[in-house]
Amino acid sequence: MDTFETLRDIIAKKFEKPAEEITLESTFESLEIDSLDTFDIIFEAEEKFGIKVPNEEVAIKTVQDVVSLIDRLRTEQGK
Amino acid sequence: MATRRVAVTGIGILSPVGNDRETFFSSLMAGKSGIRRLETDFVDSLDAQLAAWIGDFDPLAHFPKSKAGAMDRVTQFAVVAGQQALADAGLDLASEDRERIGVYLGTGMGGAASIEEGYVRLYRDNASRLKPFTVLMAMNNAAGSQVALDFGLTGPSLTFCTACASSSVSIGEATRQIRHGYADVMLAGGAEALLTYGTIKAWEALRTLASEDPENPSASCKPFSANRTGLVLGEGAAMVVLEDMERALARGAKIYAEVIGYGSSSDSTHITQPSVDGQARAIRRALAEAGITPDQLDYINAHGTGTKLNDVTETAAIKQVCGTGIPVSSTKSMTGHLMGAAGAVEFVACMMAIDKQALPPTAHLVQPDPECDLDYIPNVGRENVKVETVMSNSFAFGGTSGVLIARKV
């Protein structure tokens with residue numbers, strides 16, 4: 001599974017949303033996921049991908065933002 | 001400003017003997033105990049494998065999965081009990097001035113399970129980080145805050161943390177908010193969900209927990225009995241809607257009772273050992289505020305934990321102020337000790353006693369203790385009795401006493 005699919009599954013499961021509703025362009029606002037809840041998503045992504053997301057990186061708006069962040073950190077952190 | 005009268009117009013309860021007020025009270029009247037073997041993975045490591053727990057509570061029946069996962073069990077209990085109480089009061093929040101409605105909630109251990117889960121991750125599982133919601137789930141004011149948030153109540157909102165007296169104090173203080181005009185309606189009560197391995201072990205170390213009755217585990221808590229061995233920890237929540245009496249009468253609300261007296265005191269003698277004088281002081285203050293004499297009481301719901309020391313001390317305090325003529329019972333013999341929720345649960349028992357004109361018994365009282373010589377309504381509840389004025393006692397570790405008196409309207 002690629003980064004997006006993994007992330008989509010985390011979001012779908014946690015917030016009980018149909019997976020097809022979650023696209024790269026989806027904003028967390030449109031998914032009715034607030035900033036506190038995005039911390040929870042990032043927490044799970046950290047566990048899943050074995051990365052550590054620094055505090056200053058957590059300002060995100062869309063699913064694409066998180067996918068890009070994860071991919072960049074996986075490369076940087078060699079995971 | 002002239003003080004106002006305060007009515008009880010709604011009841012919500014989740015308890016080891018029933019998750020609504022009718023089931024709760026009929027269980028008490030039938031002497032049915034919610035104390036039983038705890039079904040958890042750590043139960044074999046406990047000295048007494050007992051608790052008064054709620055088995056039929058499904059968070060997902062009340063909250064979406066993502067929200068349920070971000071709330072400690074204690075918060076889930078509080079919100080559901082609050083919802084019941086508001087519905088019972090028939091308040092349509094959409095048309096209410098919610099700036100005039102507040103929330104006072106008592107809890108002893110707050111989000112005990114969440115803090116413990118965090119420690120398990122760190123210390124046992126060697127994780128290096130905790131779930132993002134840990135603070136928000138564990139903090140002591142989480143439950144009360146969530147109740148205010150979920151119902152959009154923007155009046156005064158406070159959490160009271162005075163151990164076993166937490167929710168008697170919250171109801172008493174909430175009454176004063178209405179009495180003195182700071183709010184028109186208060187959602188008040190308490191919640192507790194402390195049946196975690198660490199918390200139970202900590203209580204075990206205090207040597208206050210009951211030993212298991214080998215013949216009948218559900219009879220292990222035996223308040224006022226010569227063979228009592230201690231208390232049994234319990235979980236749940238109770239919330240009541242308190243309302244300015246004139247307002248309640250004007251809208252034709254069902255009024256369970258009027259809160260007429262509240263007394264609070266501090267023993268200031270010992271962190272655990274109760275004081276007869278401290279308890280008597282709170283009872284006297286409640287009676288003075290109510291403006292009644294002790295002989296006008298029809299029923300006392302005792303703190304009645306089932307520990308050696310509490311039951312003789314409370315008996316002496318009641319005798320010192322009220323004499324020996326008033327029926328007293330400990331419903332903890334059936335509900336267990338809900339700590340921060342105990343006062344509210346027992347206040348609800350008192351409301352239902354007035355509503356049904358019936359007195360719940362002290363269960364499992366077969367061997368009388370010569371030092372406990374009041375009428376404890378042993379084993380069999382009393383139906384069709386006059387119940388107009390009731391008193392509920394709560395006496396806490398730390399020495400705080402909270403006593404509530406209510407009267408039929």
Side-chain angles (χ1 to χ4, degrees), chain A residues 4-23 26-63 65-67 69-70 72-74 76-79, chain B residues 57-76 78-80 83 110-111 113-154 157 159:
Chain A
F4 167 66
E5 285 167 346
T6 306
L7 190 66
R8 185 188 60 194
D9 288 356
I10 290 173
I11 297 170
K13 196 163 161 237
K14 192 170 270 301
F15 297 94
E16 296 174 282
K17 295 194 180 294
E20 56 274 17
E21 245 183 50
I22 303 160
T23 67
S26 304
T27 63
F28 288 102
E29 194 182 352
S30 71
L31 294 169
E32 295 175 318
I33 294 171
D34 71 16
S35 60
L36 193 56
D37 288 325
T38 62
F39 293 172
D40 214 23
I41 293 169
I42 290 172
F43 175 80
E44 285 216 14
E46 286 180 311
E47 303 260 287
K48 204 99 188 170
F49 295 107
I51 55 171
K52 181 149 179 57
V53 179
N55 273 355
E56 54 272 23
E57 300 276 17
V58 297
I60 46 171
K61 275 201 176 66
T62 64
V63 173
D65 291 343
V66 185
V67 171
L69 178 66
I70 292 169
R72 179 164 61 78
L73 292 172
R74 285 176 82 179
E76 283 176 16
Q77 297 174 12
K79 305 280 175 169
Chain B
F57 178 77
D58 175 15
L60 297 182
H62 302 281
F63 307 103
K65 196 174 159 205
S66 60
K67 188 170 174 185
M71 298 161 96
D72 189 273
R73 186 169 170 87
V74 72
T75 300
Q76 296 170 356
V79 172
V80 173
Q83 206 161 32
S114 297
I115 196 104
E116 191 158 322
E117 192 193 323
Y119 291 151
V120 166
R121 282 180 65 90
L122 291 177
Y123 296 132
R124 190 190 68 191
D125 302 341
N126 294 317
S128 59
R129 55 194 152 175
L130 295 182
K131 288 185 182 173
F133 286 100
T134 304
V135 170
L136 310 178
M137 292 167 76
M139 62 189 192
N140 232 315
N141 62 328
S145 302
Q146 194 68 47
V147 172
L149 198 59
D150 274 20
F151 304 117
L153 310 178
T154 56
S157 168
T159 296

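Per chain, numbering begins at 1; letters A, B, ... match sequence-line order.
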More than 12 heavy atoms of other residues, nucleotides or ligands under 6.0 Å from [atom1] of [X]: is that the case?
| X | atom1 | value |
| --- | --- | --- |
| A/Glu32 | CD | no |
| A/Gln77 | CD | yes |
| A/Lys17 | NZ | yes |

**Q.** Contacting region of A/Ile42 [heavy-atom separation from chain B under 4.5 Å]
**A.** neither
Q.
Which atoms of B/Leu130 are under 4.5 Å from chain A, going by heavy atoms: the side chain, the backbone, both sets, or neither?
A. backbone
**Q.** Residue list, salt bridge (charged side-chain N to carboxylate O under 4.0 Å, His left out) with A/Glu47, at least two apart or on another chain
**A.** B/Arg121, B/Arg129
Q: Could I get the full list of salt bridge (charged side-chain N to carboxylate O under 4.0 Å, His left out) partners for A/Asp37, not counting sequence neighbours?
A: none
**Q.** Under 3.5 Å: donor-acceptor pair, side chain of B/Lys65, backbone of A/Lys13
**A.** yes
Q: Compare every heavy atom of A/Phe39 with every heavy atom of B/Pro132, then report the nearest pair and how far apart it is.
A: CG-O, 3.5 Å
Q: Answer yes or no: is there a side-chain heavy-atom contact under 4.5 Å between A/Glu16 and B/Ser66?
A: no
